[in-house]
Amino acid sequence: MNLLLAEDDTRLGELIIHMVEAKTDMRVDWVTTGSDAYDYALASAYDVVLLDWMMPEGDGAATCRKLRKAHYSGAILMLTARDSLEDRVTGLDAGADDYLVKPFEIDELLARVRALTRRNFAPLMEEMVQLGEIRLNRSSHEVQLGDQRIALTTREFQIIDLLAVNRGRVLTRELILDRIWGYEADVTPKAVDATVKLARKKLEIAGHKGLIESVRGVGYRIHA
């Protein structure tokens, strides 16, 4: 199970991640701004997004509204110290599926997360993805160009798949790094560049060029 935590309180964020990963096998990605929460939520298939109300670059309610306006259908749990009826109504009207008041016990947070996942918000991802002449098979992690199979490493396939899900959108190196390697990985964004370079070379050897576009100083995207 994959969670996205949007919380700008460093101490609380670290505590939540430590407790969740100590008690469960859930994987948690952590961002500290509303704008990053928006980008990450749309870029990846999270089971639940945990949105703090008070964040820079877009508070939780505003970010929630923005996600729903972009047709994001995943589960959203609002975390906030605001406990008045008016605040709860505002959060739910913004598009949140549940609302948890701080301070809270980690066991209650996990129970809310489990309850939301049982409601099965996330749409099933297609097994086969067509990118022009390229076909991705998510079940076998194979990439094909016509009848020819292109042997990619797990990281290479994951990056292409992530870009394919978000085709047309530019994904930053940092976002790709966090989503594919994990926020605790001891690697730099150069690892993303190196992996993309190797994937491109394999695609070019097979006879396909231009699938992954570089956006100077930002990251990568797929247009197909």
Side-chain angles (χ1 to χ4, degrees), residues 1-68 70-125 138 158 162 165 174-175 177-186:
M1 187 181 299
N2 294 317
L3 308 181
L4 174 63
L5 171 64
E7 170 61 66
D8 67 329
D9 184 325
T10 302
R11 183 177 178 183
L12 180 57
E14 290 176 345
L15 178 61
I16 290 174
I17 290 174
H18 173 74
M19 294 301 292
V20 168
E21 294 186 344
K23 286 176 171 282
T24 72
D25 59 357
M26 298 177 188
R27 181 179 181 274
V28 185
D29 288 341
W30 178 25
V31 296
T32 58
T33 68
S35 60
D36 280 348
Y38 177 81
D39 288 340
Y40 273 62
L42 292 182
S44 303
Y46 292 104
D47 296 283
V48 181
V49 175
L50 310 175
L51 276 183
D52 178 41
W53 189 300
M54 299 301 294
M55 289 185 296
E57 299 178 28
D59 63 32
T63 301
C64 191
R65 289 191 195 94
K66 189 177 178 182
L67 283 169
R68 294 311 189 199
H71 306 294
Y72 181 74
S73 60
I76 298 176
L77 172 58
M78 192 80 75
L79 307 177
T80 177
R82 301 186 179 194
D83 61 354
S84 71
L85 175 59
E86 182 180 357
D87 290 326
R88 291 170 186 262
V89 170
T90 298
L92 294 172
D93 282 347
D97 300 291
D98 200 357
Y99 189 103
L100 186 57
V101 177
K102 299 176 181 179
F104 50 79
E105 295 294 332
I106 195 68
D107 286 337
E108 182 179 6
L109 173 65
L110 294 174
R112 300 286 188 103
V113 167
R114 289 192 294 268
L116 287 173
T117 56
R118 286 197 295 270
R119 291 163 64 180
N120 193 25
F121 289 84
L124 292 174
M125 297 181 73
R138 289 197 175 102
Q158 288 174 332
L162 181 62
V165 170
E174 290 75 18
L175 189 153
L177 184 66
D178 286 352
R179 192 68 190 100
I180 303 301
W181 278 264
Y183 74 95
E184 289 185 335
D186 187 22

Spatial distance of atom OG1 (T90) from atom CE (M78) [nearest 0.5 Å]: 9.0 Å
All side-chain hydrogen bond (donor to acceptor under 3.5 Å, both in side chains) counterparts of D39, not counting sequence neighbours: none
Using the test side-chain hydrogen bond (donor to acceptor under 3.5 Å, both in side chains), find all partners of E14 that sit at least two apart in sequence or belong to another chain. none
Can you name the residues that form a side-chain contact (heavy atoms from CB on, under 4.5 Å) with D9, not counting sequence neighbours? E7, R11, L12
Shortest non-hydrogen separation from C64 to A96 and the atoms involved: SG-N, 3.3 Å
Residues at least two apart in sequence or cross-chain that pass side-chain contact (heavy atoms from CB on, under 4.5 Å) with A70, listed by chain then number, are Y38, L42
Under a 4.5 Å cut-off applied to non-hydrogen side-chain atoms, are M26 and N2 in contact? no
Pairwise distance CE(M1) to CG(D47) - rounded to 0.5 angstrom: 5.5 Å
Under the salt bridge (charged side-chain N to carboxylate O under 4.0 Å, His left out) test, residues paired with E174 that sit two or more places apart: none
Atom pair CG (L175) and CG (D29), whose distance is rounded to the nearest 0.5 Å: 8.5 Å
So do L4 and W30 actually touch side chain to side chain, heavy atoms under 4.5 Å? no
Kindly indicate whether the side chain of I76, heavy atoms from C-beta on, has any atom under 4.5 Å from the side chain of L116. no
Can you sort out the partners of D107 under salt bridge (charged side-chain N to carboxylate O under 4.0 Å, His left out), two or more places apart, ordered by chain and number? K23
Review item, side-chain donor-acceptor pairs of residues 48-59, under 3.5 Å, at least two apart:
from: D52; atom 1: OD1; to: K102; atom 2: NZ; distance (Å): 2.7
from: E57; atom 1: OE1; to: S35; atom 2: OG; distance (Å): 2.5
from: D59; atom 1: OD1; to: A61; atom 2: N; distance (Å): 3.2
from: D59; atom 1: OD1; to: A62; atom 2: N; distance (Å): 2.7

For the residue pair L100 and E108, establish whether any side-chain heavy-atom pair is separated by less than 4.5 Å. yes
T33 side chain reached by D8 side chain, heavy atoms, under 4.5 Å: no
Answer yes or no: is there a side-chain heavy-atom contact under 4.5 Å between I16 and L5? yes
Closest heavy-atom contact between L67 and A41? CD2-CB, 3.8 Å
Would you confirm whether T24, through its side chain, and E21, through its main-chain N or O, come within 3.5 Å as a donor-acceptor pair? no
With sequence neighbours left out, what residues match Y99 under side-chain hydrogen bond (donor to acceptor under 3.5 Å, both in side chains)? none
Can you find a heavy atom in the side chain of R65 that is under 4.5 Å from one in the side chain of D93? no
Atom of A37, atom of T63 and distance for their closest heavy-atom approach: CB-CG2, 4.2 Å
Working for side-chain contact (heavy atoms from CB on, under 4.5 Å), residues D97 and L77: CA-CA 6 Å; D97 300 291; L77 172 58; over 6 Å; no
